[in-house]
Visitor: 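The structure that follows is given in the form of structure tokens.
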Amino acid sequence: MKTGTLKQILLITDGCSNQGEDPIAVSALAKEQGITVNVIGVMEQDVIDDQGLREIENIALAGGGVSQVVYAQQLSQTVQMVTRKAMTQTLQGVVNKELQQILGGSQTMEDLPPEKRGEVMEVVDELGEKVELEVLILVDTSASMKHKLPTVKEALLDLSLSLNARSGDNQFSVFVFPGKKNDVEKLLDWTPRLESLTTIFSKLTTGGITPTGPALREALSSFKKKRSLRSLLSRDDEQYFEESV
Amino acid sequence: MMMNNTLKNLSNITAGTIVEGKWHKNRYVIVKELGYGANGIVYLAQHLNKYVALKLSDNGMSITSEVNVLKSFAKVQGSTLGPSLVDVDDWIRSSGKVSFYAMEYIKGPDFLTFIQQKGAVWIEVLVLQLLSDLHLLHINGWTFGDLKPENLIVTGPPSKIRCIDVGGTTIQGRAIKEFTEFYDRGYWGLGSRKADPGYDLFAVAMIMINTAYPKRFQKTSGGLNQLQMMIRQKPELLKFEQVIIHALQGKYQTAMDMRKAIIDGNHASSQPHTSKTSHVSPQKQRSKPAVHHQRSQVQNQTGQSRQTIVKKKKKRHALETMLIVTTLSFLYFLYIYGQL
């Protein structure tokens, strides 16, 4: 079963967006383009207010992804759990589509008897191990994120450790918002390894507003550029999983 | 999609509630809640006058995953590590569908509580049991994964270690699906998150350390140094220091190797000097000085205990080869020199 590459945006923020277009709308757009948007809200001494909590939940909902709000201490485990869960969700969607084609009607995995479900789950597990993954990470660098950045860096390094244990290839890219000159700034271009983050993060400064919407926008165009570069090379006829799940 | 919603509509199941499976029509009467995790809640229930543990979740896929693991445990002949599977089904409620599975009810204190109650003398026995069970799993191509003391129950008498959560079990060679930082070698910078026997053995070593530090501890400087320091601060761990360090470094190939090391009482630190076993190399005919050296060493070994012999075997091979090569080269140079 060809699934193409799984594409995810991982948004790490500590509050509400307060600049630029509505992030929920951009997130929904991402979903239409086959990109899943996951959101992690990170708190430390502070607490994220209701508005922020709702926004985090809604961005993930619109983006067909997973959200979670945690204290900075649990960030590493949460990042990997959220990514995995979102991957499984997307893959289940793919498998369900195949099932519907085979069995007809609107049957999903959940409608199968438990024994059959187990066999299908094995397929999903295997896909999760082998599928190619592209994760674009958006890190909030507004003023209140200052003390959380080292934990974010640790969490991202940990994520690459977890995902690189899979057989499937991984590519990561990291952006921060707000950037020094623009709303969004690219920290790391697509790469399978995140080790260089250590030096890059130490030079980061925090401050300014939270342009979540524009950050998501920038993420989308980064995926688009990646896709067009690939099609230029056109090594294989990979099917891009672009339909909404 | 918030993950926290999973448990909301499951927490209002009261004692006496009847759970009936849609597919197999089995009926279970809820007795009480036993515990909860990220993926679902476990209840004690009665079925046909027997107790079972019922795990319920509205995330059907996590139930399916765990059932798959329990089924593969069942295929491993003689395995008693995980609970046996009794039933898998769905329960249709007014609020939606709830997937569940029924498993053997494993009753007893968790590992750390048992050790605190019965004494540290039990650590060795229970760890040996655990290693035997893990070995069985490993030779069948599985890695336990998320091994931690909260999921280890001691039943009995006779005391037997059992595991009650199989969410992290992974096929060897794949990426570990679920882990807990303290017991994860990736967290400590001492290995990858690819599933292999060493991953479980690392967790076993951390569990042994955990017995002396019931509240665990955070990674500070990390790596082997911090862990070694933590071990040395606790006298009760010193007798296991060698085994623990070896397991942390991934030096045991199999659970059986680690088991043997514990049994052989290999608790003291090893001596680096060489010694021979009764296995004498067939190459001894090649050069006289080498043979002489080997013979005297063979005579030595009878006085030595079995444990040092087992340990030195590997070092001896390398030393032997080096000795033979050196002697041969020496003789050859003598010959060349003589020809000049």
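In what follows, every chain begins at residue 1, and chains take the letters A, B, ... in the order their sequences are listed.
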Visitor: For B:K194, enumerate each residue passing the salt bridge (Lys or Arg N to Asp or Glu O under 4.0 Å) test, keeping only those at least two apart in sequence or located in another chain.
Guide: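 Result, salt bridge (Lys or Arg N to Asp or Glu O under 4.0 Å) vs B:K194: none returned.
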Visitor: Using 0.5 Å steps for rounding, measure from the NZ atom of B:K177 to the OG1 atom of A:T88.
Guide: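 With rounding to 0.5 Å, NZ (B:K177) is 8.5 Å from OG1 (A:T88).
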Visitor: Chain A heavy atoms under 4.5 Å from B:S62: which part of the residue, side chain, backbone, both or neither?
Guide: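 Nothing of B:S62, per the 4.5 Å heavy-atom cut-off to chain A.
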Visitor: Side chains of A:E110 and B:M61: closer than 4.5 Å at any heavy-atom pair?
Guide: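 They are in side-chain contact.
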Visitor: Taking only residues two or more places apart in sequence or in another chain, which ones pass salt bridge (Lys or Arg N to Asp or Glu O under 4.0 Å) with A:D140?
Guide: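 For A:D140, no residue satisfies salt bridge (Lys or Arg N to Asp or Glu O under 4.0 Å) once neighbours in sequence are set aside.
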Visitor: Can you tell which part of A:I59 gets under 4.5 Å to a heavy atom of chain B, answering side chain, backbone, both or neither?
Guide: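 Contact with chain B is absent: no heavy atom of A:I59 under 4.5 Å.
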Visitor: Heavy-atom distances under 4.5 Å only: say whether A:E129 touches chain B with side chain, backbone, both or neither.
Guide: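 Contact with chain B involves the side chain of A:E129 alone.
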Visitor: Counting N and O atoms only, with roles assigned by atom type, does the side chain of A:Q77 sit under 3.5 Å from a partner on the main chain of B:T180, one being a donor and the other an acceptor?
Guide: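 Flag not set: sc A:Q77 to bb B:T180 has no pair under 3.5 Å.
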Visitor: Who pairs with A:E122 by side-chain hydrogen bond (donor to acceptor under 3.5 Å, both in side chains), at least two apart in sequence or on another chain?
Guide: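 Once residues adjacent in sequence are excluded, A:E122 has no partner under the side-chain hydrogen bond (donor to acceptor under 3.5 Å, both in side chains) criterion.
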Visitor: Measure the spacing between CH2 of B:W23 and CG of A:L112 and express it to the nearest 0.5 Å.
Guide: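 Reported to 0.5 Å precision, the distance equals 7.5 Å.
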Visitor: Would you give the length of the straight line joining atom CG of A:D125 to atom CD1 of B:I171, rounded to the nearest 0.5 angstrom?
Guide: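 Answer for the CG-CD1 pair, A:D125 versus B:I171, is 7.5 Å.
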Visitor: Name, in order of residue number, those residues of residues 64-74 of chain B that have a heavy atom at a distance of less than 4.5 Å from a heavy atom in chain A; otherwise write 'none'.
Guide: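 Residues B:T64, B:S65, B:N68, B:K71 are the ones that qualify, each having a heavy atom under 4.5 Å from chain A.
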Visitor: Pick one of side chain, backbone, both or neither for A:N38, based on which atoms fall under 4.5 Å of a heavy atom in chain B.
Guide: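 Nothing of A:N38, per the 4.5 Å heavy-atom cut-off to chain B.
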Visitor: Below 4.5 Å from any heavy atom of chain A, which atoms of B:Y101 appear? Answer side chain, backbone, both or neither.
Guide: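 The answer is neither part of B:Y101.
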Visitor: Under a 4.5 Å heavy-atom cut-off, does chain B meet the side chain of A:Q92, its backbone, both or neither?
Guide: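 Looking at A:Q92, just its side chain touches chain B.
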Visitor: Can you say whether B:I63 sits under 4.5 Å from chain A via the side chain, the backbone, both, or neither, judging by heavy atoms?
Guide: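 The answer is neither part of B:I63.
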Visitor: Is the shortest heavy-atom distance from the side chain of A:S167 to the side chain of B:R174 under 4.5 Å?
Guide: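 Not touching, per the 4.5 Å side-chain cut-off.
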Visitor: Enter the distance from B:Y187:OH to A:S162:OG here, rounded to the nearest 0.5 Å.
Guide: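 With rounding to 0.5 Å, OH (B:Y187) is 13.5 Å from OG (A:S162).
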Visitor: Given heavy-atom pairs under 4.5 angstrom as the criterion, report whether the side chain, backbone, both or neither of A:R166 touches chain B.
Guide: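 Interface part for A:R166: both.
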Visitor: Are B:K97 and A:D111 ion-paired here, with the side-chain N under 4.0 Å from a carboxylate O?
Guide: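 Looking at B:K97 and A:D111, the cut-off is not met.
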